[in-house]
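Numbers restart at 1 for each chain; the letters A, B, ... are given by sequence-line order, proteins then strands. Computed from heavy atoms alone, side chains included, the values below leave out hydrogens, waters and symmetry copies.
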Amino acid sequence: MKLLHNLNPPQKEAVQHGEGPLLVLAGAGSGKTRVIVHRIAYLIHERGVPPWQILAVTFTNKAAGEMRERIRHMLGDGETPLVSTFHSTCARFLRNDIKSLGYDPNFAIYDDKDCERLLKDCSAELNLDEKRYPVKLLGSSIDEFKNQGMTPFDVPADSPYQATLARVYRCYQERLKRCNAVDFGDLLLLTVQLFEEHPEVLEKYLKRYRWIMVDEYQDTNPVQYRLVQLLAGERQNLCVVGDDDQSIYGWRGADIRNILEFEKDFPNVKVVKLEQNYRSTKNILDGAWHVVQKNRGRKPKRLWTDNPEGESIVYRTLPNEWEEARLVCREIERFLSEGGDLSEVAVFYRTNAQSRVIEDAMVAASVPYHMVGGVRFYARLEVKDILAYLKVLDNPADDVSLKRIINTPPRGIGNTTVQRIAEFANEKGIPFHDAMLEGAYGPLLPAAAKGKVAAFVNEMEGYKALSEKLPLSELTAAVINDSGYYARLKSLPRDEGQDRIENLQELVTAMQVYETGPGEKGLADFLEQVALVSDLEHEGDGKKASATLMTLHSAKGLEFQLVFMIGMEEKLFPHARALENPEQMEEERRLCYVGMTRAKKRLFLLNVRRRHIFGQEQMNAPARFIADIPKELLDGGDLWQRSEPSHNFSSSSSSSHNLASLFEDEMEPEVADNEVRMVPEDGEDGIWVGMKVRHAQFGPGTIRKIEGEGDNQKVIVWFNSLGGPKKLLVRFAGLERA
DNA sequence: CGGAACTTGCTTTTT
DNA sequence: GCAAGTTCCG
């Protein structure tokens, strides 16, 4: 076993550390996962620790998956340690022992949307003014309370406002319990409560899990911190790995002090620093360091690398987001022509909304890509609808799901009826489901409504019966058909219905895959996966090479040879909401650091002069981070406010464009409007047959024909250079009026 | 009660 | 610019 082979001295030190707390400060690209994996193998092989005594906790499913994979690769197929996210770990504990807290073990896990529905009911019950207490705000406040480890009774009523929040929180919590449901925050908080109020339960887990590892420790919030402490027990065989420079989840309650003060919390801790970076070129590493080094709340340190200096970091400013996207595609093509591998390419953006333009450009340029995150599959309307049927079958007390489907598709059970049932449920403090039965069989409702509700109850009983004999995928197919949901989608206009039908087919396929996979095959287990994994893994796409699109947040832990960071503009990145708050600004800076340090060989920092946000044109200054990178590391750095020359079509008509003033609104010459207006927004005034245009590549030409509208608008242009026509998507052509 | 037409408010980031 | 929520009408 070459366990210690190819490890540098500090890595070895971390791997070989025995009992007692261990803090590994692992810089970007310093072989962090490697250390965890090797350490686990070391414990098992050299220390004789049984695998089932080891628990490794991560933040994301992706990280857990990767770690599991690498452990299996190292240890083979035998028994493996439990590697899972905080939330899945807690869900597992709660499924076993939540009875002690008065919930049923088949509790549902609510996502944000579900919680919002519930909160709305609470808000109504408490007669709150929705203007003063927007549901969104209530939700985030409660989430924050939970992250801090506070129950409704821990909320200090030091102002009327706080007192109201506490009341909402209490109401919300009661309702969740009545639904036999928990939210994400509860998974952690209830587990802590469980352990603190029932020491005998904790004892059970302490006996079993004797070695605890926590990845990305800098991202733990106070509840997670408490959980880790509880699980460490007196043994304190606790190994935490993290990097304060990569703490990017402050908004989710993560407290960077957890890692900065770990040494205080565990006085006899062993600290190991991993400072050699194996990933990036010197230029990239240096550039990133200059960005993050400005932060005050960090442990002073500087990574080093034996890697070559490498290429300069490339900085470019484009006229608009479409040109930005096109540059990305062109550079990807260049990279491929140099023999690069598409799976080594990533595009990072600050907000999900930015992905669309890139996607469109990639489709147009035929660059295969896949998106990580984004609109989650299981969050789609139609998927949630069908899942709601299944959730009710699994847990009839689930009010939110039941109310969702009772009249979806329409079965003539209107608002009045639902309201009456809900009122009855509230009066009695019983689940909506029980009140609904009363409606179907008792004197609660007028005859017409009663009949319809009874029919629905019947329908659900039918599914329940099916659920006992059919595999999940077939049950689901039956629900989709028999409920009339499918017929309804069919009846929609083609463009609306088709996507949704395909999504439902994908849902059934996902279930079939799940059924043939290993492990549990039940409905409850599937639902848990859906709640916690929250996205379909598209690994099955045959590892077909494709570029990766994702937010900066989901980029953490990954690496690529070629990285683009787009939208490097003030108000976007750093995000507008961070501008006023120094702490949040530090987090943006770390986010920038995380993004840059993902790049192994080539790094592009891009921004645009004008961008559409909320459908409105905005002009923002370049991200401040650009100016923090020494000019000698940057290609384009000395001209940092200059437009990208070779792709700035109007540069010939106005050389003043090349100078620094472009970002100042007043100075913006109107000539620049041309190229922007040419980008079709709603197909309005911009173009007409016979119009003379200029194309970056093909030069001057004349529009012969216009086809389609909006995003799909195409033009046929007769180009002089070609001596013939060319069909172009207006959106991507970047045509300029000639 | 159901569906169309209109209005709104929204965007950080994820389990 | 868009999706979701609300209002209004048949």
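Atom-to-atom, CG of A:Asp112 to C1' of B:dT13 comes out at 12 Å; the value is rounded to the nearest Å. Rounded to an integer number of Å, the gap from A:Lys113 NZ to C:dA4 P is 7 Å. For the pair A:Lys450 NZ and B:dC1 C1', the interatomic distance rounds to 21 Å; values are reported in whole Å. Between the CD atom of A:Glu144 and the P atom of B:dT14 there is a distance of 18 Å, given to the nearest Å. Spacing between atom CZ of A:Arg117 and atom C1' of C:dG5 amounts to 10 Å, rounded to whole angstrom units. To the nearest angstrom, C1' of C:dA3 lies 15 Å from NZ of A:Lys384. Separating the CG atom of A:Leu572 from the P atom of B:dT13 is a distance of 11 Å, rounded to the nearest angstrom. When rounded to the nearest whole Å, the span between CG of A:Asn61 and P of B:dT15 equals 6 Å.
Within the 4.0 Å cut-off from OP1 or OP2 of B:dT15, not a single side-chain nitrogen or oxygen of A:Ser88 is found. Phosphate proximity of B:dT14 to A:Thr551: present, with a side-chain N or O under 4.0 Å from OP1 or OP2. A sub-4.0 Å separation between OP1 or OP2 of B:dT14 and a side-chain N or O of A:Asn352 is present. An OP1 or OP2 oxygen of B:dC1 is reached within less than 4.0 angstrom by a side-chain nitrogen or oxygen of A:Thr416. Distances shown here put every side-chain N or O of A:Thr89 at or beyond 4.0 Å from the OP1 or OP2 atom of B:dT15.
Qualifying side chain to side chain contact (heavy atoms under 4.5 Å, CB included) partners for A:Ala181, counting only residues two or more places apart in sequence or in other chains: A:Ala108, A:Tyr110, A:Leu176, A:Cys179. Scanning for side chain to side chain donor-acceptor pair (under 3.5 Å) contacts around A:Lys136 gives A:Glu116, with sequence neighbours left out.
Between the side chains of A:Asn106 and A:Asn180, at least one donor N or O sits under 3.5 Å from an acceptor N or O. Side-chain contact annotation: A:Asp97 with A:Tyr205, donor-acceptor N/O pair under 3.5 Å present.
Within 4.0 Å (heavy atoms only), A:Thr417 reaches sugar-phosphate atoms of the nucleic acid but no base atom. Backbone-only engagement by A:Phe59 is indicated by non-hydrogen atom pairs under 4.0 Å involving sugar-phosphate atoms exclusively.
A salt bridge links A:Asp111 with A:Lys384: the closest approach of a Lys/Arg side-chain nitrogen to an acidic carboxylate oxygen falls below 4.0 angstrom. With respect to A:Arg610 and A:Glu617, a salt bridge is recorded, a charged nitrogen being found less than 4.0 Å from a carboxylate O.
At a threshold of 4.5 Å between non-hydrogen side-chain atoms, the residues A:Thr58 and A:Glu216 do not count as touching.
Residue ring and base: A:Tyr249 does not count as stacked with B:dT13 (centre distance below 5.5 Å and interplanar angle below 30° not both satisfied).
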Short N/O separations, protein against nucleotides 2-11 of chain B, under 3.5 angstrom:
unit_1	atom_1	unit_2	atom_2	d
B:dG2	OP1	A:Gly412	N	2.6
B:dG2	OP2	A:Asn407	ND2	3.1

